[in-house]
Amino acid sequence: MARKSFPILKQLIQQSTNRCFTSSASPRAVTLIPGDGIGPLVTDSVEQVMQAMKAPVYFERYEVRGDMKCIPEEVIDSIKKNKVCLKGGLKTPVGGGVSSLNVQMRKELDLYASIVHCFTLPGLPTRHEDVDIVVIRENTEGEYSGLEHEVVPGVVESLKVITKYCSERIAKFAFEYADVNKRKKVTAVHKANIMKLADGLFLESCREIAAKYPEIQYEEIIVDNCCMQLVSRPEQFDVMVTPNLYGNLIANTAAGIAGGTGVMPGGNVGTDQAVFEQGASAGNVGNEKILKLKKANPVALLLSSAMMLRHLEFPSFADRLETAVRHVIEEGKFRTKDVGGDSTTQEVVDAIIAALD
């Protein structure tokens, strides 16, 4: 059987070429959701850098808050029209009856693949060196299916849904990613020793897809052992493919090992649309102190916007942005508190703009 291609995937992960893109390239509209808390601060940082680079994009801004009951229809329509969105963090209320707008968006747009790239940056002290892990997470089902009910008072049932279709689709995506990026290994993360049917189906699907890519090493690891291995020997991992909940935990753990959630980029990709945002959990989205001091780290969203530029087929702009970010981090003069400095968001942004080639 011929391998299924993923056109959006190949746009997203294409390597820079010798092709030169200038500001004369046709500008692309991008839906912008500043989000809650520090979201407007870091999305403004992206807008400043894009303007300084004269990148051929313009933003259609929509105000969305995490405490809304649903994402406004005009926002979904904008993303479907533009095919691309840049998004700040949306705060999800804990408990109560308000569902996560982040999950709603993924389901509404069928953004089935979450990609989080966790890698060490030169000049940023970490406990482990040479970390370079890509966590590819199924984004639409599993424990995030939202199927919960109270059976009787004091007893709640929450359903975990795993389907062969979604499991095969995310496995294909992971192996295609590894193949195109010349990655050597894909590791499937599971708990099939306990959830024998649900995670067993996920593993069965991964094995079937792995057989079509004999040139890529395939491994399996139980999720609890995976967490232990991540914090002790993270360099053993390359591409990791996971069901929904495990991927969230693994991506945040890997991000912490590689330098913190404030510097890790990510994107959520579907067949027709892509939404780029901070790769790992935006745990400081509602941090009032960071917001008041204006010291949120803009690096994760800036690197996510570089992924967006490459997805839009503007690789030279992506390269300029990534090179400037890496230079500022390696130089070490301007860093926010979460990565060992005391700079404001604006000071970091100004340094990155000054470092643009």
Side-chain angles (χ1 to χ4, degrees), residues 3-33 43 45-61 76-87 105-106 109-117 119 134 136 139 169 172-183 239 264-279 298-326 352-353 355-357:
R3 295 176 185 170
K4 180 180 177 181
S5 63
F6 294 86
I8 285 188
L9 169 67
K10 292 185 178 181
Q11 292 174 30
L12 175 65
I13 62 181
Q14 67 176 326
Q15 301 302 311
S16 297
T17 65
N18 293 326
R19 201 171 158 195
C20 179
F21 288 95
T22 67
S23 57
S24 63
S26 299
R28 287 289 305 272
V30 175
T31 304
L32 177 65
I33 300 175
T43 53
S45 301
V46 173
E47 289 186 276
Q48 289 184 56
V49 174
M50 293 293 172
Q51 186 175 6
M53 288 197 299
K54 294 181 171 56
V57 298
Y58 62 94
F59 294 103
E60 295 180 357
R61 179 188 296 264
I76 297 297
D77 289 342
S78 175
I79 299 173
K80 287 181 177 179
K81 172 176 66 74
N82 296 331
K83 308 295 185 185
V84 179
C85 174
L86 184 69
K87 172 179 163 295
M105 180 180 292
R106 295 167 197 157
L109 298 171
D110 195 25
L111 303 172
Y112 66 88
S114 165
I115 305 171
V116 181
H117 191 184
F119 54 94
V134 178
I136 295 179
N139 229 3
R169 182 169 65 165
K172 287 177 183 178
F173 190 99
F175 276 93
E176 278 290 295
Y177 184 102
D179 187 38
V180 172
N181 282 277
K182 304 187 186 307
R183 295 270 181 163
V239 175
M264 299 300 147
N268 300 284
V269 178
T271 303
D272 297 311
Q273 293 92 26
V275 175
F276 297 89
E277 59 185 330
Q278 181 170 324
V299 168
L301 198 64
L302 285 168
L303 291 176
S304 298
S305 68
M307 291 175 66
M308 179 190 75
L309 288 169
R310 194 162 281 114
H311 170 74
L312 290 171
E313 300 186 27
F314 300 133
S316 66
F317 288 97
D319 287 344
R320 286 179 63 201
L321 176 51
E322 289 173 344
T323 300
V325 169
R326 289 173 180 271
I352 290 170
I353 290 174
L356 291 169
D357 291 333

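Throughout, residue positions are numbered sequentially from 1 according to the sequence presented.
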Could you grab the distance from atom NZ of Lys87 to atom CG of Leu32, nearest 0.5 Å is fine?
-> 11.5 Å
How long is the span from the NE2 atom in His117 to the OG atom in Ser304, to the nearest 0.5 Å?
-> 12.0 Å
Check: Met50 and Leu309 side chains under 4.5 Å, non-hydrogen atoms | yes
Over all heavy atoms of both residues, which pair between Ala300 and Met264 is shortest? Give the atoms and the distance, please.
-> CB-O, 3.5 Å
Please report the closest heavy-atom contact between Arg320 and Met53, naming both atoms and the distance.
-> NH1-O, 3.4 Å
Atom of Val116, atom of Gly279 and distance for their closest heavy-atom approach | CG2-O, 3.1 Å
Closest non-hydrogen atom pair, Phe276 against Gly267 | CD2-CA, 4.0 Å
Just how far is it from atom CG of Leu356 to atom OG1 of Thr323, taken to the nearest 0.5 Å?
-> 9.5 Å
To the nearest 0.5 angstrom, please state how far the CD1 atom of Ile33 sits from the SG atom of Cys85.
-> 4.0 Å
Can you tell me how far CD1 of Ile136 sits from OH of Tyr112, rounded to the nearest 0.5 angstrom?
-> 10.0 Å
Quick one: do Gln273 and Leu111 satisfy side-chain contact (heavy atoms from CB on, under 4.5 Å)? Show the steps, please.
-> CA-CA 7 Å; Gln273 293 92 26; Leu111 303 172; 4.2 Å; yes
Taking every heavy atom of Pro265 against every heavy atom of Phe119, the minimum-distance pair comes out as CD-CE2, 3.8 Å
For the student: nearest non-hydrogen atoms of Asp319 and Arg310, plus distance | OD1-NH2, 2.6 Å
Taking C-beta and beyond as the side chain, do Val269 and Phe173 meet within less than 4.5 Å on heavy atoms?
-> yes
Hey, could you give me the CD/OG1 distance between Gln48 and Thr43, rounded to the nearest 0.5 Å?
-> 10.5 Å
Is a side-chain N or O of Asp110 found less than 3.5 angstrom from the main chain of Gly270, in a donor-acceptor match?
-> no
How far apart are the C-alpha atoms of Thr31 and Asn82, what are their side-chain angles, what is the distance that settles it, and do they pass the side chain to side chain donor-acceptor pair (under 3.5 Å) test?
-> CA-CA 7 Å; Thr31 304; Asn82 296 331; 2.9 Å; yes
For the residue pair Lys80 and Asp272, establish whether any side-chain heavy-atom pair is separated by less than 4.5 Å.
-> no
Report yes if some heavy atom in the side chain of Leu312 is under 4.5 Å from a heavy atom in the side chain of Val30; otherwise report no.
-> yes
Taking the side chain as every heavy atom from C-beta outward, state whether Val57 and Phe314 have any pair of such atoms under 4.5 Å apart.
-> yes
Note, Met105 side chain near Asn268 side chain (heavy atom, < 4.5 Å) | no
May I ask you to test the Ser305-Leu321 pair for a side-chain heavy-atom distance under 4.5 Å?
-> yes
